[in-house]
Number of protein chains: 2
Amino acid sequence: MRSRSGGRPTLEEVAARAGVGRGTVSRVINGSPRVSDATRAAVEAAVAELGYVPNTAARALAANRTDAIALVVPEPETRFFAEPYFSDMLKGVGAELSDTEMQLLLIFAGGDRERRRLAQYLAAHRVDGVLLVSVHADDPLPDLLAQLEIPAVISGPRSAAETLTSVDSDNYGGGRSAVEHLLSRGRRKIAHITGRLDVYGAQRRVDGYRDALRDAGQEADELLIEPGDFTEEGGRRAMTKLLGRRPDLDAVFAGSDVMAAGARQVLREEGRRIPDDVALVGYDDSAIARHMDPPLTSVRQPIEEMGRRMIDLLLGEIADRRPAVSRDLERRQVVLATELVTRTSS
Amino acid sequence: MRSRSGGRPTLEEVAARAGVGRGTVSRVINGSPRVSDATRAAVEAAVAELGYVPNTAARALAANRTDAIALVVPEPETRFFAEPYFSDMLKGVGAELSDTEMQLLLIFAGGDRERRRLAQYLAAHRVDGVLLVSVHADDPLPDLLAQLEIPAVISGPRSAAETLTSVDSDNYGGGRSAVEHLLSRGRRKIAHITGRLDVYGAQRRVDGYRDALRDAGQEADELLIEPGDFTEEGGRRAMTKLLGRRPDLDAVFAGSDVMAAGARQVLREEGRRIPDDVALVGYDDSAIARHMDPPLTSVRQPIEEMGRRMIDLLLGEIADRRPAVSRDLERRQVVLATELVTRTSS
DNA sequence: AGGTACTGTGGGAGCGCTCCCACAAGTGAT
DNA sequence: ATCACTTGTGGGAGCGCTCCCACAGTACCT
């Protein structure tokens with residue numbers, strides 16, 4: 001029961017089979033309401049009998065869309081797998097996309113070469129939209145996307161003046177809550193190991209740290225702030241420096257769980273007990289936090305939820321752009337609340 | 001300097017600009033040798049001036065190919081991120097693909113729902129070929145691919161009678177080498193925690209284990225063999241059973257590092273020293289093996305290399321099929337050597 | 001009765017390529 | 001000079017859809 005030339009059945013063949021025109025079949029396939037029930041049933045029967053599956057290439061050509069979006073990770077694969085952040089986000093993205101026709105592509109653009117390939121790829125408009133995660137302040141990718149007029153949503157704005165639609169967690173509030181928690185536990189000399197400061201979110205956590213101290217009538221002591229780089233080794237280095245400068249510190253707020261793990265090692269080596277001598281708070285509430293000894297108090301970001309919201313917004317942008325509708329510039333910056341998960345390290 | 005209607009430039013426009021015909025531009029774009037140097041230069045100049053990028057959809061429609069291949073993972077995302085196996089394979093795949101026009105899609109098909117979506121996807125011929133990893137014995141996916149006549153390469157054949165092109169590491173040899181190593185260290189009561197036995201590779205490791213013992217004049221003791229499931233918890237369970245049945249065992253060969261980690265915990269709890277009382281050997285040589293205490297002797301599989309070979313073979317199959325050339329059925333089952341990495345656990 | 005509106009349908013035009021046939025021009029043997 | 005190739009080139013046809021215009025049919029107003 002195969003069609004002409006042994007190939008896959010076409011719209012036209014379905015139309016012939018159902019005794020209707022091409023347009024009608026197209027309408028049924030695309031769920032247009034302007035089809036009578038009887039006709040719809042006839043077409044659906046023909047589709048089933050022939051095992052018809054639309055030709056995506058033809059559709060893409062005619063409709064000028066691809067029904068695909070890309071999750072672009074401007075990091076090497078290794079990093080992607082190492083950080084649970086991405087896995088959680090992917091879960092949210094996948095979930096939100098699962099009742100859609102959209103196909104998700106995962107594109108790594110760590111090196112220069114991959115960068116160039118990606119630029120070509122985007123220039124060819126091979127995707128309808130882009131999800132951008134983990135972007136640094138000076139990354140030109142967002143501007144390229146804007147120039148190509150490709151709908152895009154960024155996770156973590158590059159700055160307060162981000163022009164792209166973005167979804168973020170409340171890094172400022174997260175930083176505040178960590179410090180407020182430590183203050184409430186009676187800590188007074190609270191150090192902060194920051195993330196990479198060219199990441200806006202890390203910057204905001206520092207702001208939260210500062211303001212929480214200020215609101216408690218305590219000006220931040222610059223010697224208690226040491227920049228890290230989100231790695232374990234960076235956490236170790238920062239902790240060592242902090243202990244050298246302020247041996248009397250009684251708490252550490254690290255900008256990520258991984259850095260907290262590094263800090264913990266140094267504290268142990270120096271004979272400081274956690275939390276008795278020094279309280280420790282991390283950020284991300286990743287698996288590391290739960291398995292650390294002692295279990296780590298950490299600021300949880302709703303990463304999966306962020307993934308879902310990003311898809312929401314992106315699909316919205318894509319839909320908006322289709323009939324060249326006016327775009328509302330409000331509510332393009334979504335910020336989700338964080339939550340402090342208290343464990344025995346503080 | 002943009003083309004008609006503000007859209008992207010088309011082949012036709014490039015042709016006009018270069019003062020040649022459409023066919024000629026197409027030949028240049030596709031690297032046909034049948035173009036004079038002067039013409040080629042003119043076309044390339046026009047392409048550069050207009051910033052021409054071919055429309056993939058149109059090409060796909062006209063040429064009946066997609067220039068995309070899928071890496072299908074019949075597991076939930078979680079598993080994918082948890083096991084370093086996938087990350088290494090992806091690295092090899094990416095590397096081998098990087099000087100190609102092929103786009104790689106990553107598709108997870110853990111649940112039933114995803115399965116059905118994937119089937120639709122494949123039926124629509126949205127990829128030119130498929131890479132299949134981690135397939136169980138009773139998985140219908142390979143047959144679906146065969147039926148749809150989609151080129152595919154499988155990592156780890158389903159059985160000795162695998163019909164699909166496959167790339168595998170020498171599981172049999174790996175199992176042998178682990179046991180031979182333990183024998184050479186003077187161990188005589190060597191237990192084996194197997195992987196999931198519906199995975200052909202796990203089965204083969206058992207075969208290697210058995211044959212190595214037999215060749216040493218020692219028949220395998222069935223009470224020393226306990227099936228696991230590749231998880232840490234499974235390793236614990238199996239180890240507990242083995243110790244119960246054969247408290248005098250002096251070595252354990254685990255079918256994966258993760259299971260070895262589980263076994264190690266139980267051995268510790270039972271007060272057995274590693275390697276003094278019980279020698280331990282794992283499989284995969286993953287990060288776990290290096291970081292274990294004591295560092296774990298393990299059988300290394302060249303996973304990245306496997307990824308590269310899979311792409312090689314797949315691209316070959318795709319190319320072969322294009323002009324309906326006869327296919328050679330030899331060398332369709334590639335087996336790569338494993339290597340025992342000796343550390344202090346044995 | 002005529003008008004106006006809406007609903008459902010058919011099919012032409014066209015999306016931007018590749019494939020392939022036709023053909024001009026050049027090359028070398030006869 | 002003729003023929004037979006080869007090389008380089010132009011452009012028609014067609015890939016399988018979507019978009020949209022045209023139009024028949026029906027419904028409901030004047």
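Please read these numbers as outputs of a predicted model, since none were measured by experiment. Scope of the values below: all heavy atoms of this structure, side chains included, with no hydrogens, waters or symmetry mates. Letters go in sequence order (proteins before strands), and every chain restarts at 1.
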Any donor-acceptor pair, under 3.5 Å, between the side chain of B/R8 and the base of C/dG16, if you only look at N and O atoms? no
Among D/dC19, C/dC15, D/dC17, the one nearest A/L61 by side-chain distance: C/dC15
Does the B/E317 side chain pair with the main chain of B/L313, one donor and one acceptor, at a distance under 3.5 Å? no
In this structure, how many angstroms lie between the P atom of C/dC17 and the CD atom of B/E12, rounded? 9 Å
Without decimals, in angstroms, what is the distance between A/R65 CZ and D/dT18 C1'? 9 Å
Phosphate-side-chain proximity, B/N30 and C/dT18, N/O vs OP1/OP2 below 4.0 Å: yes
Side-chain-base donor-acceptor pair under 3.5 Å for B/R34 and D/dT9: no
Whole-Å gap separating P (D/dG16) and CZ (B/R59): 18 Å
Could you check whether B/E305 pairs with B/R308 (Lys NZ or Arg NE/NH1/NH2 to Asp/Glu carboxylate O, under 4.0 Å)? yes
Nucleotide of C/dT9, D/dT9, D/dG16 approaching B/T24 most closely (side-chain heavy atoms): D/dT9
From CG of B/D37 over to P of D/dG8, roughly how many Å is that when rounded to an integer? 9 Å
For a quick check, tell me whether the side chain of A/R27 and the base of C/dG10 share a donor-acceptor pair closer than 3.5 Å. yes
Kindly give the heavy-atom pair with the smallest separation between B/R309 and B/L336, and that separation in Å. NH1-CD2, 4.0 Å
To check you understand the geometry: which heavy-atom pair defines the closest contact between B/D99 and A/R113, and what is its length? CB-NH2, 3.5 Å
What is the separation between atom NE2 on A/H125 and atom P on C/dC15, rounded to the nearest whole Å? 17 Å
Separation of atom CG in A/L11 from atom P in D/dC17, rounded to whole Å: 4 Å
Tell me whether the side-chain N or O atoms of A/R40 pair up with the base of C/dG8 as donor and acceptor below 3.5 Å, since no angle test is needed here. no
Among C/dT9, D/dC19, C/dC17, the one nearest B/T10 by side-chain distance: C/dC17
Within the 4.0 Å heavy-atom criterion, would you say B/R22 contacts the bases, only the backbone, or no part of the nucleic acid? base
When you get a sec, tell me which of D/dG14, D/dT9, C/dG14 is the closest nucleotide to the side chain of A/A62? C/dG14
Check for a donor-acceptor pair, side chain of A/D139 on one end and backbone N or O of A/L141 on the other, with a separation under 3.5 Å. yes
From the list C/dT18, D/dC17, D/dG16, which nucleotide is the closest neighbour of the side chain of A/Y52? D/dC17
Ignoring backbone atoms, test whether B/S36 places a side-chain nitrogen or oxygen under 4.0 Å from the OP1 or OP2 oxygen of D/dT9. yes
Rounded to whole Å, please give me the gap between CD1 in A/I29 and P in D/dC17. 8 Å
Between B/A63 and B/G19, whichever has its closest DNA chain D nucleotide further toward 5' is B/G19
